[in-house]
Amino acid sequence: MQLPVAHQTNDFKAIVAGRKSVRAYDPMVKISREEMTELLEEATLAPSSVNLQPWRFLVVESEEGKAKLAELAPRNLSQVQTSAAVIAVFGDMKAFDNADEIMSSAVEKGYLPQEVKEQLMANYTGLFSTVPAHVFRDMILLDTGLVSMQIMLSARSRGYDTNPIGGYDKARIAEMFDMDPERYVPSMLISIGKAAQTARPSTRLPVDRIAEWK
């Protein structure tokens, strides 16, 4: 049954209001691989340009992995060391290689006629063969921003806390974790776990300061 709009809005506000940037987690709290997989599956329902889904995730949860990450994010040691995990979000510069697989899946499920899929593939193949690398990079980083917010909201709905981290050595992270640095573009880190203490509240500018109606 569809919930009333007011009820839906209140539920969303409760989730968003509960999401605060946490810098110290309860180190005893762990997240199972099964639940983390479910969380990431929810996050990947986020939209992306022409549905390329260019995001890639590196879930750092082992002591060895966290030690490497601590070296790359020395100003965020508490989040790295005490969280249940840190999700490193990357954009895939070869994301278009998956376009045929994604569209074929849509055809198999009855979401897309075969002839439309073939036309789209022809159009997009022509388009992306001419798009400059820096333009494609900007596009996929926008998409990784969308999926990152979705990760944080999914985590909050499950009772976990998060903190987005942009201050780390992006030039070294891919190679440090045996990923191709030419292919995988770092976007952000997201620490996740249960807060060890109440995070400091923050304020927002009023909508009439940041929006215009014409």
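The figures here come from the full heavy-atom set of this structure, side chains too, leaving out hydrogens, waters and symmetry mates.
Comment: Asp161 engages Arg156 in a salt bridge, judged by a side-chain N to carboxylate O separation of less than 4.0 angstrom.
Considering only heavy atoms from C-beta on, Met121 comes within 4.5 Å of Asp100 through its side chain. Looking at Thr144 and Val185, their side chains never come closer than 4.5 Å, going by heavy atoms from C-beta outward. Taking 4.5 Å as the limit, every side-chain heavy atom of Val86 sits out of range of all side-chain heavy atoms of Asn76.
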Subject >> Test side-chain contact (heavy atoms from CB on, under 4.5 Å) applied to Leu77 and Gln79, step by step >> reply: CA-CA 6 Å; Leu77 290 181; Gln79 296 98 309; over 6 Å; no
Subject >> Chi angles and distances behind the side-chain contact (heavy atoms from CB on, under 4.5 Å) call for Tyr160, Glu35 >> reply: CA-CA 11 Å; Tyr160 296 114; Glu35 185 173 17; 2.7 Å; yes
**OP:** Apply salt bridge (Lys or Arg N to Asp or Glu O under 4.0 Å) to Glu61 and Arg33, showing your working.
**Re:** CA-CA 10 Å; Glu61 60 181 4; Arg33 184 162 298 191; 3.4 Å; yes
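Under the salt bridge (Lys or Arg N to Asp or Glu O under 4.0 Å) criterion, Arg183 pairs with Asp92, not counting sequence neighbours.
Without hydrogens or angle criteria, Asp143 side chain to Ser49 main chain gives a donor-acceptor distance under 3.5 Å. No side-chain donor-acceptor contact under 3.5 Å links Ser154 to the backbone of Ile151.
In this structure, Leu142 CG and Ser187 OG are separated by 9.5 Å, a value rounded to the nearest 0.5 Å.
Applying the under-4.5 Å side-chain rule to Ile, Leu, Val, Met, Phe, Trp and Tyr, the cluster around Tyr111 consists of that residue alone.
For an aromatic pair to be called close, the ring centres must be under 6.0 Å apart, and Phe136 with Phe128 satisfies this.
In this structure, Phe177 and Gly65 approach most closely via the heavy-atom pair CZ-O, 3.6 Å.
A 6.0 Å sphere centred on NZ of Lys94 holds no more than 12 heavy atoms belonging to other residues, nucleotides or ligands. Surrounding CD of Glu118 are more than 12 heavy atoms belonging to other residues, nucleotides or ligands, all under 6.0 Å away.
Among residue pairs with one or both ends in residues 165-174, those qualifying as salt bridge (Lys or Arg N to Asp or Glu O under 4.0 Å) are Glu71-Arg172, Asp169-Arg172; sequence neighbours excluded.
The closest side-chain donor-acceptor pair between Arg200 and Ser202, if any, does not fall under 3.5 angstrom.
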